[in-house]
A.B. asks: 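Provided herewith is a single structure, encoded as structure tokens, for subsequent inquiry.
When a ligand or atom number is given, it counts from 1 through the structure's own listing order.
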Amino acid sequence: MNMRFEPAHALSGELRPPADKSISHRAALLGAMSSEPVRIERYLHAADTTSTLDAVRALGALVEVNGEDVVVRGTGLREAREPDGVIDVGNAGTLLRLAPGWLAAQDGRTFTLDGDESIRRRPVERIVAPLEQMGARLIARDGRFAPLEVHGARLRAISYELDVASAQVKSCVLLAGLAADGATTVGEPERSRDHTERLLLRAGVAIHRNGRHVTVVNTDELALEPLRIPGDASSAAFLVAAGVLVPGSRLLICDVGVNWTRTGFFRILRRMRGIVLGDLEEESGELCAEEPVSDLDVAHGALEATVVEADEVPLAIDELPLVALLGCFAEGETVVHGAQELRLKESDRIAGVVEGLRGLGADIEATDDGFAVRGGGGLRGGTIDAHGDHRMAMVGAVAGLASREGVEVIGMDAADVSYPGFAEDVARLCS
Ligand code: S3P
């Protein structure tokens, strides 16, 4: 479905973004790994996280959906059922990378995960390597891609250093570590989102952080009290960007998760002199079980260019295409370094954002590990192809609101993966 976004006059009003996608996936999986029912309030009902509910059902969990809320009655840590067929992860990379951590520990059972065309291009060798070291056997197409077969085994604990900061790979190893004999440690080159660690701590697991290393110890059971999923900072980021870019705008985005490992984009935006008021969590070396929330008060204002370095990249990974968009309107040159992982997302987001924004009039070029934008001239408008990628579709929509002539987004329905109703929410803020 294609959709046109006309230049907006000013956005105003209050809005609660959809529930956090990363935390919803994890809550459903941990619910399935628990033996007692887990109540999840404000679960994200979007394509990706519905794939996770379907997957845990296939693995033997009972799932009840009551409006926004979900109750998962799990099988326990070591009792996942071997499904009759393939587990369809749809477009959900997080499900593809996290679920095998649990499944690798199901001794004597085999599971096959597969998904859509885009999922079949996402690398899985990054989880195959640690899970094989732990004693499971995994078979990926060409050694790298889905379909992925996981042959569960009794696992041994390992110490594993990630070569790239990836919350998905870190989480996969930690989930496997719950059922491995001994203490499993994962080291990451830079800090990445820590929702898995917070939820495990909340579930009573012995989990410790020491700098860039996290250790979990073998566990019998998870015990999760009801949880409420905060608004998704990544989804909120699109509304925030629209508010900052469109002259005359003033928005209140409510109930946004402000875990510091997710708020890199808001900090980058503040550095660009964007007006985003809110109570962002401070960086901390300590593990905590809470997911803090805040309202974000956003107003239009002039922007200045900035440089994003590698250590900031994992904290803003899904919002970097938006940094490129902001860069088109900022005075000076905005550069992102150390973001080669963007090439491995739902689409190649370096190529997509550079070609897409250039087609709308941006002065932008790709580098090996990011991009550079010379800004100040704004965007003319035109047509942008989302290439089936939800975040690129929403970048195109916000570009349209801030452009001089409007933008036609090819494949706007891709947004349903994380933000169903995005176009309606934008229309409400524009009226
Ligand atoms: C996610 C981690 C990130 C992010 C993705 C969601 C998660 O991926 O891009 O959208 O929920 O753990 P990587 O772990 O591959 O960086």
Side-chain angles (χ1 to χ4, degrees), residues 18-30 44 46-49 51-52 89-102 115 118-119 121-130 144-146 160 162-175 186 188-200 214 229-230 232-238 257 259 261-265 291 310-323 336 338-350 352-353 369 389-395 414-415 417-419:
D20 190 282
K21 182 156 85 74
S22 285
I23 304 178
S24 293
H25 282 303
R26 287 160 170 79
L29 283 169
L30 290 197
L44 173 68
D48 259 18
T49 43
S51 296
T52 299
V89 304
N91 189 249
T94 303
L95 176 57
L96 176 68
R97 271 69 169 265
L98 264 63
W102 177 33
S118 141
I119 270 295
R121 291 194 299 266
R122 313 280 304 272
V124 290
E125 75 271 29
R126 44 183 66 192
I127 60 164
V128 168
R144 290 198 68 195
F145 301 111
Y160 195 77
L162 303 180
D163 355 302
V164 284
S166 164
Q168 294 179 350
V169 182
K170 172 179 65 176
S171 299
C172 174
V173 180
L174 293 176
L175 295 186
V186 190
E188 45 185 357
E190 275 106 26
R191 291 289 304 270
S192 65
R193 66 189 68 189
D194 67 358
H195 303 304
T196 303
E197 294 91 306
R198 291 186 195 219
L199 269 180
L200 290 178
V214 194
I229 313 286
D232 195 312
S234 300
S235 298
F238 292 93
N259 172 330
T261 63
R262 287 291 296 285
T263 50
F265 172 73
E291 290 285 356
D311 58 337
E312 253 181 323
V313 163
L315 311 177
I317 184 75
D318 293 333
E319 294 74 63
L320 292 175
L322 270 178
V323 173
V336 171
Q340 55 281 0
E341 277 291 295
L342 286 182
R343 297 202 184 272
L344 304 174
K345 297 296 174 188
E346 284 83 333
S347 66
D348 176 342
R349 288 186 179 153
I350 294 182
V353 82
D369 65 347
D389 182 332
H390 56 131
R391 306 222 190 263
M392 293 309 302
M394 292 188 278
V395 165
V417 155
S418 60
Y419 197 153

A.B. asks: To the nearest 0.5 angstrom, please state how far the OG1 atom of Thr261 sits from the CZ atom of Arg198.
C.D. replies: 5.5 Å
A.B. asks: Please report whether ligand 1 has a polar contact with Arg26, defined as an N or O pair separated by less than 3.5 Å (distance criterion only).
C.D. replies: yes
A.B. asks: With heavy-atom distances below 4.0 Å as the criterion, list the atoms of ligand 1 near Ala167.
C.D. replies: 12 (O), 14 (O)
A.B. asks: Which protein heavy atom lies closest to atom 14 (O) of ligand 1, and at what distance to 0.1 Å?
C.D. replies: Ser166 OG, 2.7 Å
A.B. asks: Determine yes or no for a side-chain-to-main-chain donor-acceptor pair under 3.5 angstrom, with Ser171 supplying the side chain and Thr196 the backbone.
C.D. replies: no
A.B. asks: Looking only at distances, can you tell me whether any N or O atom of Lys345, backbone or side chain, sits closer than 3.5 Å to an N or O atom of ligand 1?
C.D. replies: yes
A.B. asks: Hey, does Asp318 come in under 3.5 Å of ligand 1, counting only N/O atoms on both sides?
C.D. replies: yes
A.B. asks: Check this for me - ligand 1, Leu98, N or O atoms closer than 3.5 angstrom, yes or no?
C.D. replies: no
A.B. asks: Verify whether one side chain among Thr94 and Gln168 offers a donor that lies under 3.5 Å from an acceptor in the other.
C.D. replies: yes
A.B. asks: Of all the atoms in ligand 1, which lie at a distance below 4.0 Å from a heavy atom belonging to Thr94?
C.D. replies: 1 (C), 6 (C), 7 (C), 11 (O)
A.B. asks: Starting from atom 1 (C) of ligand 1, locate the nearest protein heavy atom and write down its residue, its atom name and how far away it is, to 0.1 Å.
C.D. replies: Gln168 NE2, 3.6 Å
A.B. asks: Is Arg262 salt-bridged to Asp232, going by a charged N under 4.0 Å from an acidic O?
C.D. replies: yes
A.B. asks: We want to know whether Ser418 and His390 form a side-chain donor-acceptor pair, criterion being a heavy-atom distance below 3.5 angstrom.
C.D. replies: yes
A.B. asks: Can you confirm, on distance only, whether ligand 1 has an N/O atom lying under 3.5 Å from any N/O atom belonging to Arg97?
C.D. replies: no
A.B. asks: Does the side chain of Thr49 pick up a donor-acceptor pair with the side chain of His25 at under 3.5 Å?
C.D. replies: no
